[in-house]
Amino acid sequence: LMGVQGGNPLAALCRQHGVAMHRLSNACPLHDGSGGKLLPPETDAQVEQLFNLLLDEAGKEREAEGSEAALLDPHVGLEVQVLWHGKWYRAKVVDRVNANGRGKAEARALVHYDGFNDRYNEWIVLPSDRLKPAKARGQDLGQALERQLKRSGAVLDAAGRRAMHWHLANLEFACAADLNSVSAEHWDQDDVNEYDGDHVVLPEGYGALLQRMAAGLAIEYGTVVTSVEARPGGGMRAVTRGGVVHHANAIVMTVPLGVLKRPERDGGIRFTPPLPAPKLAALERLGFGVLNKVALFFEETFWPHTTDFFGRTAANKSERGSFFLFFNVHACTGRPVILALMAGSAAKSLEELEDDEVTERALEALRQMFGQVPQPTRVIVTRWGADEFSYGSYSFVGVGATGADYSTVAEPVGKELYFAGEHTSEEHPATVVGAYLSGLTAARAVAKDWPQSLSTPGRPTPVGTK
């Protein structure tokens with residue numbers, strides 16, 4: 001839970017319902033993946049500083065790509081819009097000639113028009129009022145950061161490269177996706193809406209807050225909806241896997257994005273009529289990533305760290321997200337439990353392994369850092385990508401998507417079908433608070449569209465009844 005002093009409503013709800021919060025520290029001792037010793041603090045600090053610089057420079061490049069200034073000295077590869085016969089066409093600079101400085105040759109740029117063959121390429125004298133900015137599209141965050149690393153000229157030794165991979169894995173944790181799947185332009189579009197203040201965890205878990213908030217509500221568990229249909233005479237009905245029909249004036253869909261993206265042929269929900277084309281397109285563009293966790297329960301603590309987190313670096317991209325970060329549950333609950341995180345491609349690879357193999361790999365990572373370690377008394381392995389009620393962990397802005405796609409997914413269909421969930425929050429996607437606020441938004445819309453008193457749902461009826 002992020003930003004407890006900055007107005008995060010979940011923090012207020014925790015206080016209201018007496019749910020304890022544990023403030024997280026920023027400290028995270030980092031072990032080198034080669035040998036397991038702690039990285040020297042100066043190496044850790046230098047690489048973190050370089051990583052933050054790469055993010056800043058990628059952001060500056062993103063802004064410059066869409067600026068008027070970029071058109072004064074366009075580089076090869078810059079995407080632009082070109083005025084041609086009264087219409088603006090998207091194009092890319094494919095060649096460049098500089099002025100010779102003696103006034104005998106002008107600076108020119110060769111542009112290639114999207115969708116046209118090379119015979120339409122055109123040399124344009126610079127500067128030109130026929131050019132205007134066109135933000136680059138289709139660039140992924142991984143490529144953008146690699147480009148900035150090369151431009152920086154930074155020389156990292158082997159330990160430094162492993163540390164850089166750790167920071168990239170931590171970013172993949174934030175996005176729940178491999179960085180090559182994440183939009184370089186819009187990945188952080190919601191940062192301006194972050195709440196200020198401390199980050200906390202709930203020692204009792206979010207379940208404790210949910211139970212208190214849901215006390216007294218009639219909730220039907222174990223009911224899998226397979227079809228959502230608009231009734232010919234008005235209203236909606238939801239058909240369950242067991243063939244039971246629930247009738248309602250309106251339905252609020254809060255299933256995860258992974259379920260909404262799932263095709264009907266692969267077990268997804270059938271919508272009758274189908275969802276509008278703009279909503280389907282937005283669902284396709286948005287990404288739904290995977291973050292997995294391995295909870296290791298022990299008889300007693302053996303790790304020396306008292307910090308909330310500690311980490312371990314890896315030598316390459318494919319391994320960097322594998323057991324790269326460990327949450328010290330003992331620090332906030334007193335229980336001898338470690339929660340190991342798997343991010344990026346490693347999170348997906350984990351789902352192909354049996355629990356015993358996952359456990360052994362986790363223990364090997366711990367042995368690398370601490371030497372001999374005891375066998376856990378219990379292990380829990382998540383596989384969110386394979387979970388039929390989720391098919392992933394949380395959303396991210398995929399290449400080609402924008403923050404506006406979240407709002408498109410959130411749009412109601414008429415006054416009968418509403419949507420909520422973190423994937424419908426343009427301001428706070430991929431967060432519990434985003435899901436909560438989207439639920440309030442949907443509830444307000446239902447109350448506005450159906451001002452009459454909400455009636456108690458009727459008795460479910462078998463399929464085939466009107």
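Because only heavy atoms are used, hydrogens play no part in the values below, and waters and symmetry mates are left out as well, while side chains stay in.
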Just jot down the salt bridge (Lys or Arg N to Asp or Glu O under 4.0 Å) partners of [X], sequence neighbours excluded, or say none.
| X | value |
| --- | --- |
| E48 | none |
| E284 | none |
| D387 | none |
| R108 | none |

Discussion item. Would you compute the distance between atom OG of S393 and atom CZ of F173 and round it to the nearest 0.5 angstrom?
Written reply: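 If I round to the nearest 0.5 Å, the distance is 10.0 Å.
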
Taking [X] first and then [Y], would you say they form a salt bridge - that is, a charged N and a carboxylate O separated by under 4.0 Å?
| X | Y | result |
| --- | --- | --- |
| K92 | D114 | no |
| R361 | E319 | no |
| R130 | E122 | yes |
| R147 | E61 | yes |

Discussion item. Run the side-chain hydrogen bond (donor to acceptor under 3.5 Å, both in side chains) test against Q189 and tell me which residues pass, sequence neighbours left out.
Written reply: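 Not a single residue meets the side-chain hydrogen bond (donor to acceptor under 3.5 Å, both in side chains) criterion with Q189.
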
Worksheet item: Around atom CG of D266, are there more than 12 heavy atoms of other residues, nucleotides or ligands at under 6.0 Å?
Response: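 Yes.
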
Discussion item. Quick one: does any side-chain atom of K279 pair with a main-chain N or O of V409 as donor and acceptor, under 3.5 Å?
Written reply: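 A pair under 3.5 Å: yes.
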
Worksheet item: Looking just at side-chain N and O atoms, do E422 and S395 make a donor-acceptor pair shorter than 3.5 Å?
Response: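 There is such a pair between these side chains.
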
Worksheet entry | Listed partners of K317 passing side chain to side chain contact (heavy atoms under 4.5 Å, CB included), at least two apart |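 Per chain and number, K317 pairs via side chain to side chain contact (heavy atoms under 4.5 Å, CB included) with H165, D178, N180, R320.
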
